[in-house]
Amino acid sequence: MDEEFALDDPTQLLDSASDFAHHPGSLNDAAVKDFLDRFPLPVIISALQTKSDVPGLENTLVACLERVFKTKYGASLIPQYMTFVQVGLKADSQVVRCLSCKTVSSFLKNFDDKSIYAIKLIIDCDIYQLLLDCLINGDEQVATAAIDAIKNLAQFPEAVGIIFPSNINEATHLGNVASRCSSLGRVRVLSLIVKLFSISSSIASVIYNSNLLSLLEAEIRNSNDTLVTLSALELLYELTEVQHGAEFLARTTLQLLHSIISNSSMESILRSRALMISGRLLSKENVYMFVDEPSAKSLISAIDVRLGLLDSQDTDERESALEALGGIGSSIQGAVLLLTSFPPAARHIVHAAFDRQGGGKQLAALHALGNIVGENRPEDGVILNGDAEESLRRLVYEVASESSKLTPSGLLLSVLQQAAEFRLAGYRVITGLVARVWCLMEIFSKPEIINIVTDPTAETTKIAMEARYNCCKAIHRSFMSSKLVSDPALSGIAGKLQEAVQRGPYLVRKHTEATPVVMTAERF
């Protein structure tokens, strides 16, 4: 920086920059322009380069510049100072590197014309290579800022060829970058791939065709470092949440998950995570467009076998397995597979759901059962095909006959008599299950169930009140659409349900007028 911009005494700049950085609320372009008229960018940059030894100056100027470049006016100045951004990306100071990464993001996000000009600046200053170095060698904040900057760069169609070079021998090819990294660096590269994958289906397709997802699979299969494997599984879980992810993940991921769940020598925490990923992936209705049924059945069978081995244990892994089955059962196709496999994998859920000694295992099973019976599906997707429905009915009656309650209604009432969190899960189960006529008749055979679901004082939390009300509405709706509606013997129950539905989910206390109280006056 030229000597003309050097400051002998940076005190005034430090004070003004501190006020600017900590100004409450957002700053408009006029405020930024006024500040830069007093302290031009070359002056601030020069101070940042030459006066970093002044206590508090570096952090203050970094915070100030970050706010400057977040505005439209500030971002418009960035192209003139791109060489200084380049220097900042190579700085020893982590806060300066972080600022430089964020400045690249501001430049890309505020660039009006998504044209080749912006990409030319990035290429001319070797910005992408420097961002990769920040990703690999920076601290956590720098790495996060670098990922954000590269993600913003990927929004430009012309940048796709930079991030995903067709030549696999390019130094910047993410596969080559990962091969040169430490385990921490590889995890960061994988995190970048996941973030880029989430941008759009077209970029996800480029990543898939570049074989970059195989890096994630290789890291998961590497059993030398449990923490790295767990980090890779966390990233895979993040991928399953991407809306367009199922199309690409279903092709290879099921076999990988199967191998982890079936491997008794692996750490329990790794199997638990693989179980949760399985539930998340197969919970999506559209995944069955891309995965063949035998692969899905094979994965469900692996979970079934694992649950059998954990049958007498109350472990986190068992709860994860039950939750995974519940996730799978939230989709129509998944629920059908759980109920029609031989033996039906859903049997673990039904048995555990009504085991009052099960604790967390019972709670996980109740929520899983609520998913399978369709509580969270659209009204026209609650009832499954004939074989699945018959299997569900048989499982419920089988468990009831083996318990002291003897009937499904007795089991359901037992759940509603437990603690609040179990009642909440019980309401979900009944909400979905009552769409079946046999369940409706069971519920009507127990007036105690009707009393609970129509009692506005039964619950005290908002979520529980709403769950109880939804359950009451589901019973009423099922009753009104059944042949039972013409039975005069049930008119009293029907009226009670109708009144509860009209009352709404929350307790409405009757308005009472203030009344005078007459008492003997106290005398001293």
Side-chain angles (χ1 to χ4, degrees), residues 26 29 65-82 85-86 88-89 97-136 138 141-167 170 172-175 177-178 188-213 215-216 235 238-249:
S26 59
D29 287 349
L65 287 174
E66 186 174 335
R67 295 199 74 175
V68 166
F69 293 137
K70 278 184 177 179
T71 64
K72 196 78 174 174
Y73 176 73
S76 71
L77 302 175
I78 295 174
Q80 304 169 42
Y81 297 93
M82 192 60 81
V85 174
Q86 182 185 37
L89 290 170
R97 294 184 88 181
C98 190
L99 168 67
S100 300
C101 291
K102 291 179 178 179
T103 302
V104 173
S105 287
S106 294
F107 165 64
L108 294 170
K109 285 192 289 188
N110 287 283
F111 201 80
D112 290 326
D113 180 18
K114 293 271 191 293
S115 70
I116 195 69
Y117 174 67
I119 303 305
K120 186 176 185 303
L121 274 177
I122 296 294
I123 294 173
D124 290 347
C125 296
D126 201 24
I127 297 298
Y128 179 62
Q129 177 72 52
L130 294 173
L131 288 173
L132 285 178
D133 184 67
C134 288
L135 169 69
I136 304 303
Q141 286 74 29
V142 172
T144 300
I147 288 176
D148 288 342
I150 296 173
K151 188 175 177 182
N152 284 309
L153 179 61
Q155 307 286 344
F156 289 73
E158 296 85 0
V160 173
I162 299 173
I163 301 172
F164 305 107
S166 56
N167 183 357
E170 284 278 353
T172 57
H173 188 283
L174 292 177
V177 174
R188 287 180 173 180
V189 171
L190 293 175
S191 180
L192 170 63
I193 291 171
V194 170
K195 293 294 190 296
L196 294 173
F197 186 94
S198 68
I199 292 175
S200 68
S201 180
S202 60
I203 291 182
S205 182
V206 172
I207 290 172
Y208 180 82
N209 293 328
S210 301
N211 206 28
L212 290 174
L213 291 182
L215 300 178
L216 184 59
L235 291 171
E238 190 176 330
L239 274 181
T240 61
E241 294 184 304
V242 177
Q243 186 66 31
H244 52 263
E247 175 183 354
F248 304 97
L249 297 177

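Since the model is a prediction, treat every value here as computed from it, not as a measurement.
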- Task: Output, in order, the C-alpha distance, side-chain angles, deciding distance and verdict of side chain to side chain contact (heavy atoms under 4.5 Å, CB included) for K102 and K70.
- Result: CA-CA 9 Å; K102 291 179 178 179; K70 278 184 177 179; 6.0 Å; no

- Message: Walk me through whether F107 and L121 qualify under side chain to side chain contact (heavy atoms under 4.5 Å, CB included).
- Response: CA-CA 11 Å; F107 165 64; L121 274 177; 3.7 Å; yes

- Answer whether the closest heavy-atom distance between the side chains of R97 and Q141 falls below 4.5 Å. no

- Message: Quick check for you: to the nearest 0.5 Å, what is the distance between R188 atom CZ and I193 atom CD1?
- Response: 15.0 Å

- Item | For S76, all residues meeting side-chain contact (heavy atoms from CB on, under 4.5 Å), sequence neighbours excluded | Y73

- Query: When rounded to the nearest 0.5 angstrom, what is the spacing between NE2 in H173 and CG in L212?
  - Reply: 5.5 Å

- Task: Determine whether Q86 and L130 make a side-chain contact, defined as any pair of heavy atoms from C-beta on separated by less than 4.5 Å.
- Result: yes

- Does CD in E170 sit with more than 12 non-hydrogen atoms of other residues, nucleotides or ligands closer than 6.0 Å? yes

- Would you indicate whether the side-chain heavy atoms of D148 and V104 approach each other to under 4.5 Å? no

- Looking only at heavy atoms, what is the nearest atom pair of S191 and L235, with distance? N-CD1, 3.7 Å

- Derivation and outcome, side chain to side chain contact (heavy atoms under 4.5 Å, CB included), residues I119 and L153: CA-CA 8 Å; I119 303 305; L153 179 61; 3.8 Å; yes

- In terms of heavy-atom contacts, S106 and A75 come closest through O-CB, 3.9 Å

- Item | From CA spacing to verdict: side chain to side chain contact (heavy atoms under 4.5 Å, CB included), I136, V177 | CA-CA 9 Å; I136 304 303; V177 174; 4.0 Å; yes

- Query: With S100, which residues qualify under side-chain contact (heavy atoms from CB on, under 4.5 Å), at least two apart?
  - Reply: V85, L89, V96

- Message: My understanding is that only one of I147, I163, V160 makes a side-chain contact (heavy atoms from CB on, under 4.5 Å) with L196; could you say which?
- Response: I163

- How long is the span from the OH atom in Y128 to the CG atom in D133, to the nearest 0.5 Å? 12.5 Å

- Task: Drop me the distance from I162's CD1 to I127's CD1, to the nearest 0.5 angstrom.
- Result: 11.0 Å

- Message: Do Y208 and E247 make a side-chain contact, defined as non-hydrogen atoms from C-beta onward lying under 4.5 Å apart?
- Response: no

- Item | Nearest atoms (heavy-atom pairs only) where L108 meets A149 | CD1-O, 3.7 Å

- Message: With a 4.5 Å cut-off on side-chain heavy atoms, are L249 and V242 touching?
- Response: no

- Message: Is there a side-chain contact between F164 and L174 in this structure, where contact means two heavy atoms from C-beta onward sitting under 4.5 Å apart?
- Response: yes

- Query: Going by heavy atoms in the side chains, are T71 and N110 under 4.5 Å from each other?
  - Reply: no

- Query: What is the distance from atom CG of L77 to atom NZ of K72, rounded to the nearest 0.5 Å?
  - Reply: 12.5 Å

- Spacing of CG belonging to L239 relative to NE2 belonging to H244, to within rounding of 0.5 Å: 9.0 Å

- Message: For a 4.5 angstrom cut-off between non-hydrogen side-chain atoms, does S198 reach K151?
- Response: yes

- Message: Once you measure the plane-to-plane angle for F197 and F248, does it fall in the parallel (<30°), tilted (30-60°) or perpendicular (>60°) bin?
- Response: perpendicular

